[in-house]
Amino acid sequence: MKQDMILILDLGSEENPRLAREIRALGVYSEIHPHDITAQELAALPNVKGIILNGGPNRVVDGVEIDVAKEIYNAPVPVLLADHKGDKPWPEDPEVRKQTLSNFIFGLCGAQANWNMEHFIADQVERIRRQVGDKKVLLALSGGVDSSVVAALLIKAIGKQLTCVHVNHGLLRKGEPEQVVEVFRNQMDANLVYVDAVDRFLDKLAGVAEPERKRKIIGEEFIRVFEEEARKLDGIDFLAQGTIYPDIIESRTKTLKAVKSHHNVGGLPEDLNFQLVEPLKMLFKDEVRACGAALGLPDSMVYR
């Protein structure tokens with residue numbers, strides 16, 4: 001089912017994620033896009049029912065106040081300009097704010113409250129099958145929330161076409177490796193490669209006290225182990241990752257002051273030549289957890 005969408009265009013607000021989550025909480029899908037979206041790009045987005053131009057303290061970039069293209073103001077849907085550094089059309093009181101948003105979304109835009117996890121899962125299953133076809137997918141399954149939910153969603157969509165690699169580096173939560181094996185291999189019947197690399201990692205970390213150096217050693221060694229396992233598998237065309245929406249927002253929005261790096265597998269050799277599958281990239285963390293619960297993952301794996 002194609003959900004109605006309220007589009008948020010970033011004009012320097014620090015409240016874009018909050019606004020997007022509030023709209024989704026009303027049952028309407030929302031996305032955040034850069035201010036310089038073109039009219040053609042806007043027209044290509046499905047089911048846009050309204051646009052919020054969300055201004056704020058970061059609206060001046062390189063000494064120039066940014067704005068959207070003139071064509072956006074003339075879009076065939078309601079357009080609202082919100083400026084969080086001056087007048088605030090969204091009051092701070094949660095109930096008043098909710099009512100104000102409802103008036104715009106449902107009253108002025110005529111959007112339908114058709115955004116929920118069941119629809120999201122059904123849409124993603126369809127998209128994954130369309131993207132992957134009959135090809136194979138590889139996933140680094142850490143046992144964390146994001147990778148576990150990606151695994152469960154891919155299993156639902158393509159079953160045995162997915163191979164999960166779980167690397168036990170000796171620094172996981174107590175019982176986590178056993179739970180990963182129990183849930184994904186024994187209960188979900190997934191192709192799961194379990195790698196006991198505890199001694200290998202602990203040897204590398206011996207005598208290292210500085211936390212950042214430890215993180216780099218773990219990350220670099222994980223890539224090496226994952227690469228070794230990937231080379232043992234034939235016919236893998238896709239790499240699945242647990243990228244979530246905050247990663248996407250922070251990497252593509254032009255008005256942010258800082259961009260954080262996220263934890264997905266990176267640094268793999270170019271000759272592996274994987275295409276990416278990122279089915280959670282439009283979800284916030286609480287939505288990822290809700291998705292995991294809807295897919296039947298145990299609470300101990302989803303709500304950590």
Side-chain angles (χ1 to χ4, degrees), residues 117-169 172 176-177 179-197 219 222-245 247-248 251 262-283 285 287-298 301-302:
M117 272 306 121
E118 288 71 23
H119 290 161
F120 171 81
I121 291 170
D123 284 349
Q124 287 304 314
V125 165
E126 178 186 337
R127 289 183 183 186
I128 291 166
R129 289 172 177 168
R130 188 166 58 244
Q131 180 184 7
V132 172
D134 60 356
K135 302 294 194 306
K136 296 178 181 179
V137 182
L138 181 63
L139 170 68
L141 176 55
S142 69
V145 176
D146 300 342
S147 67
S148 296
V149 175
V150 169
L153 188 54
L154 285 165
I155 290 166
K156 183 177 180 67
I158 58 173
K160 293 289 190 177
Q161 291 171 243
L162 172 69
T163 297
C164 301
V165 175
H166 178 60
V167 179
N168 182 1
H169 46 59
L172 300 170
E176 191 167 41
Q179 184 182 42
V180 168
V181 173
E182 172 59 26
V183 170
F184 289 101
R185 179 183 288 167
N186 299 342
Q187 296 179 18
M188 294 189 172
D189 193 31
N191 287 326
L192 176 65
V193 177
Y194 173 80
V195 183
D196 185 347
F222 180 87
I223 290 170
R224 293 192 185 100
V225 174
F226 187 74
E227 178 194 350
E228 290 168 11
E229 295 302 320
R231 292 194 184 282
K232 296 176 185 178
L233 302 169
D234 294 326
I236 302 291
D237 291 286
F238 292 91
L239 176 68
Q241 292 196 150
T243 309
I244 63 174
Y245 202 27
D247 301 326
I248 300 295
S251 64
H262 55 86
H263 61 275
N264 290 318
V265 176
L268 291 174
E270 291 185 2
D271 66 309
L272 289 175
N273 198 30
F274 294 133
Q275 300 177 58
L276 287 181
V277 179
E278 298 175 301
L280 304 182
K281 67 181 181 180
M282 302 312 292
L283 294 187
K285 179 66 79 172
E287 294 170 336
V288 173
R289 293 192 173 100
C291 183
L295 288 164
L297 289 176
M301 183 171 278
V302 173

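For D234, the side chain to side chain donor-acceptor pair (under 3.5 Å) test picks out no residue, with sequence neighbours left out. Residues satisfying the side-chain contact (heavy atoms from CB on, under 4.5 Å) test with Q131, not counting sequence neighbours, are F238, V277. Legend: residues meeting side-chain contact (heavy atoms from CB on, under 4.5 Å) with K232, ordered by chain and number and at least two apart, are E229. Considering only residues two or more places apart in sequence or on other chains, Q124 meets the side chain to side chain donor-acceptor pair (under 3.5 Å) condition with none of them. In this view, E228 and R200 satisfy the side chain to side chain donor-acceptor pair (under 3.5 Å) rule, not counting sequence neighbours. Take K156 and apply the side-chain contact (heavy atoms from CB on, under 4.5 Å) test, not counting sequence neighbours, and it matches I121, V125, L295. Taking the side chain to side chain donor-acceptor pair (under 3.5 Å) definition, one finds that D196 meets it with nothing, sequence neighbours left out. With sequence neighbours excluded, the residues satisfying salt bridge (Lys or Arg N to Asp or Glu O under 4.0 Å) with R231 are E227, D271.
Nearest heavy-atom pair across F222 and A140 is CZ-CB, 3.8 Å. The heavy-atom pair separating V288 from V149 by the smallest distance is O-CG2, 3.6 Å. Across every non-hydrogen atom of I128 and L154, the tightest pair is CG2-CD2, 3.6 Å.
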Under 3.5 Å, which donor-acceptor pairs link side chains of residues 162-169 to any protein atom two or more places apart or in another chain?
from: H166; atom 1: ND1; to: L141; atom 2: O; distance (Å): 2.7
from: N168; atom 1: OD1; to: G170; atom 2: N; distance (Å): 3.0
from: N168; atom 1: ND2; to: Y194; atom 2: OH; distance (Å): 2.9
from: H169; atom 1: ND1; to: L171; atom 2: N; distance (Å): 3.2

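Under the 3.5 Å distance criterion, the side-chain polar atoms of D123 are left unmatched by any main-chain donor or acceptor of F120. With E176 contributing its side chain and S142 its backbone, the two residues share no donor-acceptor pair below 3.5 Å.
Pairs passing the side chain to side chain donor-acceptor pair (under 3.5 Å) check and including a residue from residues 181-190, sequence neighbours excluded, read K160-D189, E182-N186, E182-Q187.
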